[in-house]
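Structure record follows, encoded as structure tokens.
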Amino acid sequence: MIKKFSALIRQVAGKPLPAIPGVPVLSKRRRLMVAIMLLFHVLGALSSLDALMSSRTSQGSIAWIISLNTFPYVSVPAYWIFGRSKFQGYVISRRETDSDLWLKHQLKMSTVDRFQLQNSRVRGSLQALESLAKMPVLTGNEVEYLIDGQEKFDSIFAGIRAAEHYVLAQYYIIRNDEIGQRFQQALIEKAEQGVQVFLLYDEIGSYRLGRRYLRQLEQAGVQVRPFHSTKGPGNRFQLNFRNHRKLVITDGKHAWLGGANIGDEYLGLSRRYGHWRDTHLKITGPAVMSVQLSFVEDWYWSSDTIPDLNWDATLSDRADLPILILPSGPADRHETASLMMQHLIHSAVDRFWISSPYFVPDEGVLSALKLAALRGVDVRILIPERTDNYLVYLAAYAFVAPLIELGIEIHRYEKGVLHSKSFLIDDNLSSVGTVNLDNRSFRLNFEITALIAGDEPNQRLEKIFQTDFDRSRIMTVEEIENKSLFFRALSRAAYLMAPVL
């Protein structure tokens with residue numbers, strides 16, 4: 001066997017071949033085919049080593065190693081496009097202490113030190129998250145919850161019109177539809193007034209945007225950049241990482257972040273989706289500096305330049321809320337988003353309510369939810385009945401029955417598409433951000449979360465949750481058991497695909 005294989009290798013290499021019984025002489029075309037097959041198997045073996053050393057979960061490593069060595073012709077290209085979990089080369093100022101970004105902005109960010117929270121009880125509960133974020137909890141803020149697209153866009157457009165020095169905007173999806181054109185026009189008008197305008201978009205999420213839309217912005221003086229998820233030799237074929245952040249900042253004084261992108265569907269104008277339920281957040285105060293730093297990090301990666309911005313934090317004159325801004329993504333040393341969620345669930349004493357359009361959590365978050373229910377925490381999970389991702393819808397049926405049996409309420413929003421990403425912990429901590437309860441948000445996407453301490457914003461968000469619960473139904477174990485065997489098999493198959501959903 002070894003002698004025959006060696007003979008094949010010699011032919012592929014073009015070396016003279018002595019007559020060997022049972023070994024045919026290959027034509028030039030067949031030698032090429034054998035060479036390609038051997039190359040794929042070698043690449044599969046090398047890729048297996050990379051998967052072994054870099055995959056963040058044992059399940060992911062095993063799955064990739066088996067497929068790369070069994071079906072390398074398909075798995076090798078798939079691995080180098082979708083399989084890697086680390087975003088190589090991204091400069092993060094929180095970690096790279098010798099980077100230009102760190103040197104130029106660490107001193108400026110020190111101006112917020114006087115706004116750091118001194119309350120030991122609240123800081124104690126958020127200390128681990130401060131370490132993950134490499135940012136402090138800052139006081140002196142006010143927040144406004146913006147329910148659905150109309151409130152969000154009205155607030156943001158008013159903020160852009162009022163901007164005097166600069167506008168920073170970053171979105172995963174921007175569409176060239178009615179609201180997209182209004183957004184474009186708002187940015188163009190500010191640029192023509194002499195206000196600096198910076199727009200960062202994810203080229204995968206906004207792949208349909210069109211060059212004409214971007215060129216019109218550039219001609220008006222707007223500085224436009226794609227995020228460049230394929231920038232750098234290590235990322236050339238990598239399409240798996242997305243910048244999922246959605247935020248706007250004006251003059252370093254106000255920031256908007258949350259779930260809604262730029263598109264008519266977020267106003268409920270889509271025939272396919274109908275009513276679209278989302279939550280956005282407006283922040284005024286020192287925490288805007290933390291949101292701004294997140295934007296600058298992404299802008300620096302995409303453009304190798306650092307905008308000249310205002311770094312003098314301004315106190316809100318109407319509230320004194322502590323806020324922690326927590327950016328997360330595949331360039332982090334740790335799985336920031338997953339660890340954040342696990343920590344918050346473990347810290348809950350009375351309740352943990354969460355709204356997410358996608359619910360395919362990892363084992364760590366699932367275990368944290370089960371433990372919270374076992375210790376008597378009121379756990380409620382709000383997910384959509386209708387979704388824009390059918391695989392995620394199917395996957396949820398594979399693992400929710402044990403949660404329901406433990407007393408966890410799974411609410412399915414029925415009025416339309418639920419896209420809100422928010423949660424409540426006890427009566428003093430609330431959050432709005434871009435993180436979904438799935439592997440993509442936990443490990444593959446760049447995300448951002450605002451954590452707000454205080455009874456009053458918690459009560460405001462509680463009323464929003466209650467309204468959503470009133471428009472939802474509660475899942476039962478019986479409805480899952482009554483599904484057909486075919487449906488349950490599909491849901492299990494979808495759940496096995498959770499790492500790439």
Anything under 30° is parallel, anything over 60° is perpendicular, the rest tilted; go ahead and classify Tyr393 against Tyr397.
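Perpendicular.
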
Can you say whether the rings of Tyr273 and Trp276 are parallel (under 30°), tilted (30 to 60°) or perpendicular (over 60°)?
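If you compare the ring of Tyr273 with that of Trp276, the planes turn out perpendicular.
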
Does any donor atom in the side chain of [X] or [Y] lie under 3.5 Å from an acceptor atom in the other side chain?
X      : Y      : value
Asn243 : Asn445 : no
Gln342 : Ser338 : yes
Ser328 : Thr336 : no
Asp278 : Tyr266 : no
Ser441 : Glu447 : yes
Asp470 : Gln466 : no
Ser270 : Glu265 : no
Asp202 : Ser206 : no

Apply ring pair (Phe, Tyr, Trp, His ring centres under 6.0 Å) to residues Phe423 and Trp353 and explain how you reach the verdict.
CA-CA 5 Å; Phe423 53 83; Trp353 295 358; over 10 Å; no

Looking at Phe446, Tyr171, Tyr201, which hits ring pair (Phe, Tyr, Trp, His ring centres under 6.0 Å) with Phe227?
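Looking at Phe446, Tyr171, Tyr201, the match for Phe227 under the ring pair (Phe, Tyr, Trp, His ring centres under 6.0 Å) is Phe446.
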
I'd like to know if the side chain of [X] and the backbone of [Y] have a donor-acceptor N/O pair within less than 3.5 Å.
X      : Y      : answer
Tyr213 : Gly180 : yes
Ser484 : Phe487 : yes
Ser420 : Ser355 : no
His244 : Thr434 : yes
Ser294 : Ser290 : no
Ser431 : Ala450 : yes
Asp438 : Pro361 : no
Ser155 : Glu151 : no
Lys152 : Ala260 : yes
Lys134 : Ser131 : yes

Side chain to side chain donor-acceptor pair (under 3.5 Å) assessment of Gln150 paired with Asp154:
CA-CA 6 Å; Gln150 194 62 56; Asp154 287 348; 3.0 Å; yes

Search all heavy atoms of [X] against all heavy atoms of [Y] and return the closest pair with its distance.
X      : Y      : answer
Ser422 : Leu461 : CB-CD2, 4.3 Å
Arg412 : Ala396 : NH2-CB, 3.9 Å
Pro357 : Lys421 : CG-NZ, 3.4 Å
Pro327 : Arg245 : CB-NH2, 3.6 Å
Pro226 : Ser302 : O-CB, 3.2 Å
Arg492 : Ala398 : NH1-O, 3.5 Å

Begin with the C-alpha distance, continue with both residues' side-chain angles, and end with the deciding distance and a verdict on side chain to side chain contact (heavy atoms under 4.5 Å, CB included) for Leu324 and Leu138.
CA-CA 6 Å; Leu324 174 64; Leu138 299 175; over 6 Å; no

If you round to the nearest 0.5 Å, how far is [atom2] of [Y] from [atom1] of [X]?
X      : Y      : atom1 : atom2 : answer
Lys190 : Ile160 : NZ    : CD1   : 9.0 Å
Asn436 : His419 : CG    : NE2   : 6.0 Å
Gln170 : Ile448 : CD    : CD1   : 8.0 Å
Leu418 : Ser472 : CG    : OG    : 7.5 Å
Leu424 : Leu344 : CG    : CG    : 11.5 Å
Ile179 : Phe157 : CD1   : CZ    : 4.0 Å

Walk me through whether Ile354 and Phe352 qualify under side chain to side chain contact (heavy atoms under 4.5 Å, CB included).
CA-CA 7 Å; Ile354 186 162; Phe352 181 82; 3.8 Å; yes

So, are [X] and [Y] salt-bridged, with charged N and O less than 4.0 Å apart?
X      : Y      : result
Arg443 : Asp362 : yes
Arg225 : Glu203 : no
Lys483 : Glu479 : no
Glu414 : Arg471 : no
Asp426 : Arg351 : no
Asp468 : Arg277 : yes

Between Ile404 and Ile410, is the side chain to side chain contact (heavy atoms under 4.5 Å, CB included) condition met? List the steps.
CA-CA 7 Å; Ile404 297 171; Ile410 311 292; 3.8 Å; yes

What pairs with Asp251 under side chain to side chain donor-acceptor pair (under 3.5 Å), at least two apart in sequence or on another chain?
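Listed in chain order: nothing, the list is empty.
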
Please test Arg175 against Asp264 for salt bridge (Lys or Arg N to Asp or Glu O under 4.0 Å), starting from the C-alpha separation and ending with a verdict.
CA-CA 8 Å; Arg175 301 201 190 281; Asp264 285 349; over 6 Å; no

Tell me whether [X] at atom [atom1] has more than 12 heavy atoms from other residues, nucleotides or ligands lying less than 6.0 Å away.
X      : atom1 : value
Arg215 : CZ    : yes
Gln127 : CD    : no
Lys282 : NZ    : yes
Arg375 : CZ    : yes
Arg318 : CZ    : no

Intermediate values then yes/no, side chain to side chain contact (heavy atoms under 4.5 Å, CB included), Phe295 and Leu247:
CA-CA 8 Å; Phe295 175 90; Leu247 55 91; 4.0 Å; yes

Show, in sequence, the C-alpha distance, side-chain angles and deciding distance for Glu178 and Arg182, and conclude whether the salt bridge (Lys or Arg N to Asp or Glu O under 4.0 Å) test is met.
CA-CA 6 Å; Glu178 183 177 344; Arg182 285 181 57 197; 5.8 Å; no

For residues Leu339 and His343, determine if any side-chain heavy atom of one lies less than 4.5 Å from a side-chain heavy atom of the other.
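When only atoms from C-beta onward are counted, His343 and Leu339 do not touch, as no gap falls below 4.5 Å.
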
